[in-house]
Engineer: 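This is the structure, below, for whatever I ask next.
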Number of protein chains: 2
Amino acid sequence: MNAVFEALSHPVRRKIIQQLKKGPQSAGELADMFELTKPTMSTHFAKLKKANLVSTKRDKNTIIYSLNMSILERALAELIDFGGEKN
Amino acid sequence: MNAVFEALSHPVRRKIIQQLKKGPQSAGELADMFELTKPTMSTHFAKLKKANLVSTKRDKNTIIYSLNMSILERALAELIDFGGEKN
DNA sequence: TATCTAATTAGATTATTATCTAAATAGGTG
DNA sequence: CACCTATTTAGATAATAATCTAATTAGATA
């Protein structure tokens, strides 16, 4: 849960999530939507992945990111509904 | 929206929110629940206030914090439901 | 196998955040 | 008015996060 909210704290990462709600996209496609270098985008992806908010699969040379909506929903629901943190 | 998610990124601030769901509490009462100094807690309160997640009123010498649940709900709903950010 | 493409890792720098102690403020109360 | 209590502000330091360029990795293909 901590990792999820840390991931959500940066506007670029929230925008990546919005993009992935439309469907899976490659690291390169996502990176091209922002005025940041690819290594920088890569560290943003890594934080989303660490929080388990995204999954990856490889398709030839490209890495495809997709959103784990359930992880997002669960974290937000816990914050709204429950008394304490899960971790 | 940015300020809300920045506020939510710190575990102490999320715990403050959980506490305030039970009802309004003073700065001192909240501070006593954590092993942090009062000035440190005060900066956490300030971030919650900046995000408009909490309101304050004064009762004699003490400052009473209360949760603005609607602000929290709105931010989380936007993240889940909508395509883009509001700010 | 040499090389090309896509993506990540290394290493450095800058900016931001969290935290502390000490000082200041704002209202009560004797 | 002098002081007491609760809280915040100032100023400093340490820890963390964001970003870049350069180098590396992993797989595909000529």
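Letters A, B, ... are given to chains in the order of the sequence lines, protein chains preceding strands, and every chain is numbered from 1. It should be emphasised that the depicted structure is a prediction, and the values quoted were computed from it without experimental measurement.
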Engineer: Among all residues two or more places apart in sequence or in another chain, which pass the side chain to side chain contact (heavy atoms under 4.5 Å, CB included) test with A:Thr37?
Structural biologist: A:Pro39, A:Thr40

Engineer: I need the full list of ring pair (Phe, Tyr, Trp, His ring centres under 6.0 Å) pairs touching residues 45-77 of chain A, with sequence neighbours left out, sorted by first then second residue.
Structural biologist: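 Sorted result for residues 45-77 of chain A: A:Phe45-A:Tyr65.
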
Engineer: For a quick test of your reading: what N or O donor-acceptor pairs under 3.5 Å do the side chains of residues 48-55 of chain A make, sequence neighbours left out?
Structural biologist:
residue	atom	partner	partner atom	Å
A:Lys49	NZ	A:Thr56	OG1	3.1
A:Ser55	OG	A:Asn68	OD1	3.0
A:Ser55	OG	A:Asn68	ND2	3.0

Engineer: Mind jotting down which residue pairs meet the ring pair (Phe, Tyr, Trp, His ring centres under 6.0 Å) criterion with at least one end in residues 11-30 of chain A? Sequence neighbours excluded, please.
Structural biologist: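 Residue pairs passing ring pair (Phe, Tyr, Trp, His ring centres under 6.0 Å), neighbours aside: none found.
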
Engineer: Any pair with a residue in residues 17-38 of chain A that passes ring pair (Phe, Tyr, Trp, His ring centres under 6.0 Å), sequence neighbours left out, goes on the list, sorted by first then second residue, please.
Structural biologist: none

Engineer: Near DNA chain C, counting only heavy atoms under 4.0 Å, which residues of residues 23-36 of chain A show up?
Structural biologist: A:Ser26, A:Ala27, A:Gly28

Engineer: How close do A:Gln18 and B:Glu78 get, counting heavy atoms only, and between which atoms?
Structural biologist: NE2-O, 4.2 Å

Engineer: Please identify the 5'-most and 3'-most nucleotides of DNA chain D with any atom under 4.0 angstrom from a heavy atom of chain A.
Structural biologist: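 Span of nucleotides near chain A: D:dA17 to D:dA28.
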
Engineer: Compile the donor-acceptor pairs under 3.5 Å between side chains in residues 57-64 of chain B and protein atoms, sequence neighbours left out, one pair per line.
Structural biologist:
residue	atom	partner	partner atom	Å
B:Arg58	NH1	B:Lys60	O	3.2
B:Thr62	OG1	B:Asp59	O	3.2

Engineer: C:dT19 pairs with which nucleotide, Watson-Crick or G-U wobble, both distances below 3.5 Å?
Structural biologist: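 Result: D:dA12.
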
Engineer: Roughly, in whole Å, what's the span from NE2 in B:His44 to C1' in C:dT17?
Structural biologist: 9 Å

Engineer: Heavy atoms only, 4.0 Å cut-off, all strands: where does B:Lys47 land among base, sugar-phosphate and nothing?
Structural biologist: sugar-phosphate

Engineer: List for me each residue that meets ring-ring contact (aromatic ring centres under 6.0 Å, His included) alongside B:Phe5, sequence neighbours excluded, and say none if there are none.
Structural biologist: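 B:Phe5 satisfies ring-ring contact (aromatic ring centres under 6.0 Å, His included) with no other residue.
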
Engineer: Expected output is a numbered-order residue list: members of residues 50-69 of chain A with a heavy atom under 4.0 Å from any atom of DNA chain D. What is it?
Structural biologist: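 When residues 50-69 of chain A is checked for heavy atoms under 4.0 Å from DNA chain D, the hits, listed by number, are A:Arg58, A:Lys60, A:Asn61.
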
Engineer: Between B:Arg14 and A:Leu79, what is the shortest heavy-atom contact and its length?
Structural biologist: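 That would be CD-CD1, 4.0 Å.
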
Engineer: Is B:Thr37 near enough to C:dT19 that one of its side-chain N or O atoms lies under 4.0 angstrom from OP1 or OP2?
Structural biologist: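 No, outside the criterion.
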
Engineer: What residues, two or more places apart in sequence or in another chain, satisfy side-chain hydrogen bond (donor to acceptor under 3.5 Å, both in side chains) together with A:Glu6?
Structural biologist: none

Engineer: Search all heavy atoms of B:Lys47 against all heavy atoms of B:Ala7 and return the closest pair with its distance.
Structural biologist: O-CB, 4.0 Å

Engineer: Using heavy atoms to find the nearest nucleotide of DNA chain D for A:Glu6 and A:Met41 separately, return the residue whose nucleotide is more 5′.
Structural biologist: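 Its nearest nucleotide lies further toward 5', so the answer is A:Glu6.
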
